[in-house]
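Step one of this worksheet: look at the structure below.
Since the model is a prediction, treat every value here as computed from it, not as a measurement.
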Amino acid sequence: MSIRILLSLSVLSLSLLQACGGDGGSGGDAAPAALTLNVPAAEEPAAADIGAVSARFVANENARSILLSKSAQSIGSAVPTEQADSGAMVRIGSKTLSGDHQTVDIAGDAHFALGRWVKGTLTRDTETVTLQGQDHESYHYIVYNRLAALPLDGQLQCESVAATAPTALSDTHQKLGSASGSASVSFDPSGAVIQGTMQVHAGAQSASVDLSTAIQHPPAVSATGRMFANGPGAAIVLANLGDAVPGLVVGYRAQLPGGDLYLGVARFTCTPM
């Protein structure tokens, strides 16, 4: 028994010397002891913009915008504009999105850009709003170039090709919905007559928004329902698509059967009938 204990102690002593880099003598340099590294926790990655554009929006002096949220609505000039590499607009006239920001539902081309601001510091004139990624606090935007003149005749059939996901005015409801629309436009010397609807769905409920209206002047934004009274309705304008055939730009609020309001923006492409 004594022999076994002494042998074990000798092996242990040797192992300790080797771990310290020594051989029992005084001439060797000791190897550094093992280090414990304090690696900082990985930072939460910044939220990425979601969506894509086929080309950057090319604004001119006629650039206009519709911006909608649960607490604000703005329709007017979009000069100047600034667009991020993701396709998200980060400046629309006097409104900017900065800081740690995120835009979703991005879509667009050289003639329009739309999306939904969900995170960042939004500056509107002298007011600042902090968006924290809550869908019901989203700001829906669409920018476009207005028409210089209305066609004097002809008929168009229009279909929605891009839209933001409709959001409720409260976080107690279905957070996101879906929307699509169709319309027809007839021109004569007195202006344009538009007939159509937006179909909005959220959860098991759905509603239609009437787009029927008339436009007599190229830059005019026509409203239906109670759009400018914080109720259901739509704001509709004809937009320049770079050729003789205009398109439609729509901002809307839909009221579902349960009474909940959902809002969003959409862009329609039109073809001659």
* **By side chain to side chain contact (heavy atoms under 4.5 Å, CB included) - contacts of Thr81 (at least two apart)** => Phe57, Ala59, Ala78, Met89

* **Student check: side-chain heavy atoms of Lys175 and His136 closer than 4.5 Å** => no

* To do: Kindly work out whether a path of hydrophobic side-chain contacts (I/L/V/M/F/W/Y, heavy atoms less than 4.5 Å apart) joins Tyr141 to Val104.
  => no

* To do: Treating Ile, Leu, Val, Met, Phe, Trp and Tyr as nodes and any side-chain heavy-atom pair under 4.5 angstrom as an edge, say whether Tyr144 and Leu156 lie in one connected cluster.
  => no

* Asked: Between the side chain of Ser160 and the main-chain N/O of Gly181, is any donor-acceptor distance below 3.5 Å?
  -> yes

* Structure fact -> Which of Leu211, Val200, Thr224 passes side-chain contact (heavy atoms from CB on, under 4.5 Å) with Tyr252? It is Val200

* **Flag for Thr123-Lys95: side-chain donor and acceptor within less than 3.5 Å** => no

* To do: Go through the structure and list residues passing side chain to side chain donor-acceptor pair (under 3.5 Å) with Ser77, not counting sequence neighbours.
  => none

* Asked: Going by distance alone, is a donor N or O of one side chain under 3.5 Å from an acceptor N or O of the other, for Arg91 and Gln83?
  -> no

* **Check: Gln102 side chain, Val118 main-chain N or O, donor-acceptor pair, under 3.5 Å** => no

* **Minimum side-chain heavy-atom gap Leu263-Pro166 below 4.5 Å** => no

* Once you round to the nearest 0.5 Å, how far does CG of Leu122 lie from OG1 of Thr130? -> 9.0 Å

* Asked: Should Leu150 and Leu238 be marked as a side-chain contact (heavy atoms from CB on, under 4.5 Å) after you check the CA-CA gap, both sets of side-chain angles, and the distance that decides it?
  -> CA-CA 9 Å; Leu150 293 175; Leu238 288 159; 3.6 Å; yes

* Asked: Nearest heavy-atom pair of Val237 and Ala220: which atoms, and what distance?
  -> CG2-O, 3.3 Å

* Give the minimum heavy-atom separation between Met227 and Ala235, together with the two atoms involved. => CG-N, 3.8 Å

* Under the side-chain contact (heavy atoms from CB on, under 4.5 Å) rule, what do Ile106 and Ile50 come out as? Steps first, then yes or no, please. => CA-CA 6 Å; Ile106 298 167; Ile50 299 174; 5.9 Å; no

* To do: Mind listing the closest non-hydrogen atom pair of Phe187 and Pro246 along with its distance?
  => CZ-CG, 4.0 Å

* Please examine the side chains of Val53 and Asp109, heavy atoms only from C-beta on, and report whether any two atoms are closer than 4.5 Å. => no

* Asked: Residues two or more places apart in sequence or in another chain: which of them pass salt bridge (Lys or Arg N to Asp or Glu O under 4.0 Å) with Asp135?
  -> Arg116

* To do: Say whether, by atom type as modelled, one donor and one acceptor occur between the side chain of His101 and the main chain of Gly120 under 3.5 angstrom.
  => no

* Rounded to the nearest 0.5 Å, what separation is found between the CG atom of Leu256 and the CD atom of Gln174? -> 10.0 Å

* Asked: Does one side chain, of Asp49 or Ser86, offer a donor that lies under 3.5 Å from an acceptor on the other?
  -> yes

* Asked: Is there side-chain contact between Trp117 and Leu67, with at least one heavy-atom pair below 4.5 Å?
  -> yes

* Do you reckon Leu248 sits in the same ILVMFWY cluster as Val193, going by side-chain contacts under 4.5 Å, direct or chained? -> no

* Asked: Do Val185 and Cys158 touch side chain to side chain, with heavy atoms closer than 4.5 Å?
  -> yes

* State yes or no: do Ile194 and Leu147 share one hydrophobic cluster built from I, L, V, M, F, W and Y residues joined by side-chain heavy-atom distances below 4.5 Å, directly or via other members? => yes

* Structure fact -> When rounded to the nearest 0.5 Å, the distance separating CD of Gln134 from OG of Ser170 is 11.0 Å

* Asked: Which atom names give the shortest non-hydrogen contact between Ala84 and Val90, and what distance separates them?
  -> CB-CG1, 4.2 Å

* Asked: Is it true that a side-chain atom of Ser208 and a backbone atom of Gln199 form a donor plus acceptor pair closer than 3.5 Å?
  -> no

* Structure fact -> In short, Val209 meets Ala234 closest at the heavy-atom pair CG1-CB, 3.9 Å

* **Gln157 and Ser184: side chain donor to acceptor below 3.5 Å** => no

* **Any side-chain heavy-atom pair of Ser65 and Ile142 under 4.5 Å** => no

* Asked: At their closest point, which heavy atom of Ala107 faces which heavy atom of Phe112, and how far apart are they?
  -> O-CE1, 4.0 Å

* How many angstroms lie between atom NE2 of His111 and atom CZ of Arg267, to the nearest 0.5 angstrom? -> 7.5 Å

* To do: Decide yes or no for Val249 and Ile66: does some side-chain heavy atom of the first lie under 4.5 Å from some side-chain heavy atom of the second?
  => yes

* **Asp125: side chain to side chain contact (heavy atoms under 4.5 Å, CB included) partners, not counting sequence neighbours** => Ser94

* Asked: In the single-linkage hydrophobic clustering (I, L, V, M, F, W, Y; side-chain heavy atoms under 4.5 Å), do Leu97 and Tyr139 co-cluster?
  -> yes

* To do: Could you please spell out the steps behind the side-chain contact (heavy atoms from CB on, under 4.5 Å) verdict for Val250 and Val265?
  => CA-CA 6 Å; Val250 174; Val265 296; over 6 Å; no

* To do: Carefully, step by step, assess Asn230 and Arg253 under the rule side-chain contact (heavy atoms from CB on, under 4.5 Å).
  => CA-CA 8 Å; Asn230 296 319; Arg253 288 191 195 87; 3.7 Å; yes

* Asked: What residues, two or more places apart in sequence or in another chain, satisfy side chain to side chain contact (heavy atoms under 4.5 Å, CB included) together with Ala266?
  -> Ala163, Met198, Phe268

* Structure fact -> Contacts of Asp260 meeting side chain to side chain contact (heavy atoms under 4.5 Å, CB included) (sequence neighbours excluded), chain-then-number -> His173, Tyr262

* Asked: If we only count heavy atoms from C-beta on, is the Thr128 to Thr121 side-chain gap below 4.5 Å?
  -> yes

* Would a distance-only check, ignoring hydrogens and angles, find a side-chain to backbone donor-acceptor pair under 3.5 Å from Ser138 to His140? -> no

* Between atom CG of Asn240 and atom CG of Asn60, what is the distance when rounded to the nearest 0.5 Å? -> 7.0 Å

* Look up atom SG in Cys270 and atom CG in Leu241, then write down how far apart they are to the nearest 0.5 Å. => 7.0 Å

* To do: Please check if atom CG in Asp153 has more than 12 non-hydrogen atoms from other residues, nucleotides or ligands closer than 6.0 Å.
  => no

